[in-house]
Peer 1: 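I'd like to ask some things about the structure below.
For ligands, and for the atoms within them, numbers begin at 1 and follow the listed sequence.
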Amino acid sequence: MSTASETFAAVSALVRRETGMIYDPGKEYLVEARLKPLADKAGCSFEDYVQRIMTDPIERRRAMDALTINETSWFRDHAPYQAFTDTMLPALLKARSATRHLRIWSAAASSGQEAYSIAMLLDQHLPPGWTSEIVATDISSTMLDRVRAGRYSQVEMNRGLPATLLVRYFTRVHNEWEIAQHLRDMVTVRAQNLAAPFLGLGTFDVVLLRNVLIYFDKETRHDILRRMLPMVAPEGYLLIGSSETTLDLPPVLAAAWQREQIGRVQVHRVASALAERPVVPAISLTGA
Ligand SMILES: C[S@@+](CC[C@H](N)C(=O)[O-])C[C@H]1O[C@@H](n2cnc3c(N)ncnc32)[C@H](O)[C@@H]1O
């Protein structure tokens, strides 16, 4: 079998191909810590397990899932949620007064705290007669199952959830906390690899693409931000993480995304010239 560095290079190339995530040299310990339990379960050595995921698609999916970093919390960074309530939501209530419907996408949802933080705000601030849909997507099926379950440990609850909201929206079930059914009903859960085409998702008034771009290389980040343009509805907003930037975008993409400051938060909006452009179908249906 190969040396440790060859094994790591093979895993790193596979992860990059499958998910767009970058595992640079120096992360060997992390890869082994995440995959060793799966190798043990499969009854083989770490090196043999790496060989196996090259050819076994089911085990490969499991391994990719185990290699995702799912760090998250309620109302993470606080300021984006304040900006949502104070500025984005009032503007969208005006912009969507004809349809009275809002669509929000939590595009790297992890265990769901981001989607459910928005659900709690909509529950409190959306006027009567309005409807909303929050679409929570992730590449990890384990995380998607967690969003569906809507159950959290005490440690997770302690990360950013105000006590008033715990009392209002959660019920204790054994040693976990379960979020209210009416909030779960607001969230649609779906698998979506950000490195793959966005199909059948529709457009969104707010896209939360937070704390996930950092795991990709520049090329993948730019490609995602290019494909994200038609996903944000006119007058809609894109939010990226506080440690993420669009300052290195190539000129055409930089011109397409307009940066706007709301308090301490920088949001992105589709430049008006692009937003007004009619959508051109990819395939001509006329046969001409
Ligand atoms: C650090 S969490 C961020 C969660 C949340 N957005 C937040 O800001 O708290 C990153 C999430 O991105 C997901 N992820 C990683 N690569 C992905 C990809 N290629 N497509 C979709 N999701 C991906 C991971 O599974 C993980 O749940």
Side-chain angles (χ1 to χ4, degrees), residues 11-24 27 30-31 34-35 60-84 104-121 134-150 152 155-161 187-201 204 206-228 231 237-245 265-268:
V11 176
S12 167
L14 181 68
V15 174
R16 187 177 185 158
R17 201 165 57 242
E18 293 278 317
T19 71
M21 283 190 297
I22 301 295
Y23 268 90
D24 283 327
K27 294 276 169 63
L30 186 57
V31 167
R34 296 280 179 109
L35 296 189
R60 178 157 67 237
R61 197 93 311 277
R62 234 171 251 148
M64 295 305 107
D65 199 316
L67 287 168
T68 58
I69 293 154
N70 310 117
E71 167 82 13
T72 191
S73 55
W74 303 99
F75 301 95
R76 187 173 186 173
D77 299 334
H78 187 72
Y81 293 95
Q82 195 70 54
F84 175 79
I104 320 271
W105 181 14
S106 171
S110 187
S111 35
Q113 285 86 332
E114 182 174 85
Y116 288 129
S117 296
I118 290 287
M120 287 184 246
L121 295 180
I134 301 165
V135 179
T137 66
D138 203 283
I139 196 171
S140 159
S141 55
T142 308
M143 287 304 117
L144 296 176
D145 286 344
R146 291 218 48 205
V147 185
R148 281 187 203 99
Y152 300 92
V155 172
E156 289 170 322
M157 298 299 279
N158 292 346
R159 300 198 60 204
L161 188 73
V187 177
T188 306
V189 180
R190 230 183 104 155
Q192 173 67 53
N193 180 353
L194 289 166
F198 305 141
L199 298 175
L201 284 163
F204 295 91
V206 181
V207 175
L208 299 127
L209 180 67
R210 303 182 61 226
N211 304 301
V212 65
L213 293 174
I214 34 166
Y215 300 113
F216 304 134
D217 64 11
K218 191 157 117 176
E219 195 182 56
T220 309
R221 262 191 297 120
H222 291 180
D223 180 54
I224 293 170
L225 286 165
R226 183 182 56 75
R227 290 182 294 107
M228 203 48 92
M231 306 306 289
Y237 300 86
L238 168 74
L239 282 106
I240 60 174
S242 54
S243 62
E244 293 162 331
T245 179
V265 184
Q266 189 162 73
V267 300
H268 290 78

Peer 1: Is a side-chain donor or acceptor of Trp74 paired with a backbone partner of Asn158 at a separation under 3.5 angstrom?
Peer 2: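 Not confirmed, Trp74 side chain does not pair with Asn158 backbone.
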Peer 1: Give the numbers and elements of all ligand 1 atoms closer than 4.0 Å to a heavy atom of Asn70.
Peer 2: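 Selected atoms, number and element: 24 (C), 25 (O), 26 (C), 27 (O).
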Peer 1: Nearest protein heavy-atom contact for atom 7 (C) of ligand 1: which residue, which atom, what distance?
Peer 2: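 Sorting protein heavy atoms by distance from atom 7 (C) of ligand 1 puts Arg76 NH1, 3.2 Å first.
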Peer 1: Using atom types as modelled and distance alone, determine if a side-chain donor or acceptor of Ser117 lies under 3.5 Å from a backbone N or O of Phe75.
Peer 2: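 Between the backbone of Phe75 and the side chain of Ser117 there is a qualifying donor-acceptor contact (under 3.5 Å).
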Peer 1: Please check if atom CZ in Arg16 has more than 12 non-hydrogen atoms from other residues, nucleotides or ligands closer than 6.0 Å.
Peer 2: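 Not more than 12 within 6.0 Å, no.
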Peer 1: Can you tell me if Thr72 and Gln113 form a side-chain donor-acceptor pair at under 3.5 Å?
Peer 2: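 Their side chains do not contain a donor-acceptor pair, so the 3.5 Å distance test is not met.
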Peer 1: In this structure, does ligand 1 have an atom that sits under 4.0 Å from one of the heavy atoms of Gln113?
Peer 2: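 It does not; every heavy atom stays at 4.0 Å or beyond.
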Peer 1: Check ligand 1 against Asn193 and write out every atom of the ligand that is under 4.0 Å from a heavy-atom position of the residue.
Peer 2: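 Here the atoms of ligand 1 in question are 18 (C), 19 (N), 20 (N).
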Peer 1: Would you mind running through ligand 1 and noting each atom that sits below 4.0 Å from a heavy atom of Tyr215?
Peer 2: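 Those atoms are 1 (C).
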Peer 1: Do you know which of Asp145, Asp65, Asn70 makes side-chain hydrogen bond (donor to acceptor under 3.5 Å, both in side chains) with Ser140?
Peer 2: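 Of the listed residues Asp145, Asp65, Asn70, the side-chain hydrogen bond (donor to acceptor under 3.5 Å, both in side chains) partner of Ser140 is Asp65.
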Peer 1: Given that the side chain starts at C-beta and the backbone is N, CA, C, O, which of these parts of Ile69 lies under 4.0 Å from ligand 1, counting heavy atoms, or is it both or neither?
Peer 2: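 Only the backbone of Ile69 comes within reach of ligand 1.
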Peer 1: Identify the protein heavy atom lying closest to atom 4 (C) of ligand 1, giving its residue, its atom name and the separation to 0.1 Å.
Peer 2: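 I find the closest protein heavy atom is Ala108 O, 3.2 Å.
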Peer 1: Closest non-hydrogen protein atom to atom 1 (C) of ligand 1, residue and atom name please, with distance?
Peer 2: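 Nearest neighbour among protein heavy atoms for atom 1 (C) of ligand 1, to 0.1 Å: Glu71 O, 3.1 Å.
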